[in-house]
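A short write-up of the structure that comes next.
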Amino acid sequence: EVQLQASGGGLVQAGGSLRLSCAASGFTFDDYAIGWFRQAPGKEREGVSCISTSDGSTYYANSVWGRFTISSDNANNTIYLQMNSLKPEDTAVYYCAAGPRTVVAGIEPLPEMYEYWGQGTLVTVSS
């Protein structure tokens with residue numbers, strides 16, 4: 001059974017940091033890229049970042065460039081999203097998802113290209 005378990009959300013003040021984790025199981029980790037998405041109330045889900053676990057290639061949306069860092073612990077099938085200098089506009093439910101590496105690695109994460117999804121974790125940034 002494929003499982004993606006996102007955790008690490010919470011309430012933080014603007015300028016603060018959080019680290020999200022995504023624990024994956026049930027599929028061959030190296031065959032997939034893992035993406036982070038977020039969805040704010042009333043807005044569409046948007047791709048934030050993704051990483052190819054096989055070669056470490058990454059992608060970041062312009063809105064998070066220089067503030068967020070995605071990383072992979074392949075030994076434990078876990079992906080992290082370190083979020084620094086958080087802004088109120090980063091407030092959203094954050095989801096991790098897995099998509100075929102050959103399709104999604106290194107490009108803007110688009111929800112329709114990802115096969116497996118975890119439950120979201122809420123990040124709230126207060127001003």
Side-chain angles (χ1 to χ4, degrees):
E1 178 187 7
V2 173
Q3 287 192 334
L4 293 164
Q5 183 76 28
S7 62
L11 173 63
V12 64
Q13 288 188 333
S17 298
L18 282 174
R19 188 177 78 158
L20 305 184
S21 299
C22 176
S25 63
F27 59 93
T28 304
F29 204 54
D30 285 353
D31 289 344
Y32 284 81
I34 305 297
W36 282 100
F37 297 80
R38 66 186 181 186
Q39 189 165 20
K43 295 189 176 181
E44 293 187 352
R45 190 168 297 189
E46 67 167 329
V48 173
S49 181
C50 69
I51 186 167
S52 172
T53 59
S54 62
D55 64 9
S57 60
T58 59
Y59 171 93
Y60 295 95
N62 288 338
S63 58
V64 305
W65 183 269
R67 300 187 298 122
F68 290 11
T69 302
I70 192 169
S71 61
S72 175
D73 177 357
N74 288 4
N76 293 298
N77 285 12
T78 301
I79 300 294
Y80 300 99
L81 186 68
Q82 178 67 41
M83 307 187 296
N84 298 329
S85 302
L86 283 163
K87 305 175 182 180
E89 51 263 44
D90 294 317
T91 295
V93 177
Y94 283 71
Y95 301 87
C96 60
R101 174 178 54 82
T102 55
V103 175
V104 304
I107 64 173
E108 178 186 3
L110 299 176
E112 61 267 26
M113 299 173 75
Y114 283 72
E115 295 182 9
Y116 306 117
W117 289 82
Q119 90 299 348
T121 185
L122 176 62
V123 172
T124 303
V125 184
S126 63
S127 58

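- Atom-to-atom distance recorded for E112:CD and R45:CZ is 11.5 Å, nearest 0.5 angstrom.
- Donor-acceptor pairing under 3.5 Å is lacking for the side chains of D73 and T78.
- A heavy-atom distance below 4.5 Å is not found between the side chains of Q82 and S71.
- Under the 4.5 Å side-chain heavy-atom criterion for grouping Ile, Leu, Val, Met, Phe, Trp and Tyr, F37 is connected to V103 within one hydrophobic cluster.
- Under a 3.5 Å cut-off, the side chain of Q5 and the backbone N or O of A24 do not form any donor-acceptor pair.
- Figure legend: cation-pi geometry between R19 and Y80, with NZ or CZ positioned under 6.0 Å from the six-membered ring centre and within 45° of its axis.
- Counting heavy atoms from C-beta outward, L81 and S49 have side chains that approach closer than 4.5 Å.
- Ring centroids of W36 and F68 are separated by 6.0 Å or more, keeping the two rings apart.
- Applying the salt bridge (charged side-chain N to carboxylate O under 4.0 Å, His left out) test to residues at least two apart or on different chains, the pairs with a partner in residues 82-97 are R38-D90, R67-D90.
- The side-chain heavy atoms of V12 and T124, taken from C-beta on, include no pair separated by under 4.5 Å.
- Note: T91 OG1 to L122 CG = 8.0 Å, rounded to the nearest 0.5 Å.
- Residues Y32 and S52 fail the side-chain proximity criterion, which asks for heavy atoms closer than 4.5 Å.
- Both L86 and L20 are part of a single hydrophobic cluster, where members link through side-chain heavy atoms under 4.5 Å apart.
- For the atom pair CE of M83 and OH of Y94, the computed distance is 5.0 Å after rounding to the nearest 0.5 Å.
- Across all non-hydrogen atoms, the minimal contact from S85 to S17 is N-OG, 4.4 Å.
- Residues T69 and Y60 meet the side-chain proximity criterion, which asks for heavy atoms closer than 4.5 Å.
- Between L4 and C22, the shortest heavy-atom distance links the atoms CD2-SG, 3.9 Å.
- Distance check, rounded to the nearest 0.5 Å: SG of C50 to CD1 of I34 gives 10.0 Å.
- The structure places CG of N76 at 12.5 Å from OG of S25, a figure rounded to the nearest 0.5 Å.
- Between I107 and M113 the shortest side-chain heavy-atom distance falls below 4.5 Å.
- In terms of hydrophobic clustering, with Ile, Leu, Val, Met, Phe, Trp and Tyr side chains grouped at heavy-atom distances under 4.5 Å, W65 and Y59 are assigned to different clusters.
- With hydrophobic clusters built from ILVMFWY side chains whose heavy atoms lie under 4.5 angstrom apart, V104 shares a cluster with Y95.
- Put simply, OG1 on T121 and CG on L18 are 8.5 Å apart, with the number rounded to the nearest 0.5 Å.
- Taking the six-membered ring for Trp and thresholds of 30 and 60 degrees, F27 and Y116 have nearly parallel ring planes, at less than 30 degrees apart.
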Trace of the side chain to side chain donor-acceptor pair (under 3.5 Å) decision for S54 with D30
CA-CA 5 Å; S54 62; D30 285 353; over 6 Å; no
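- Between T53 and I79, the closest side-chain pair of non-hydrogen atoms falls below 4.5 Å.
- With contacts defined as side-chain heavy-atom distances shorter than 4.5 Å, the pair L11/V123 does not qualify.
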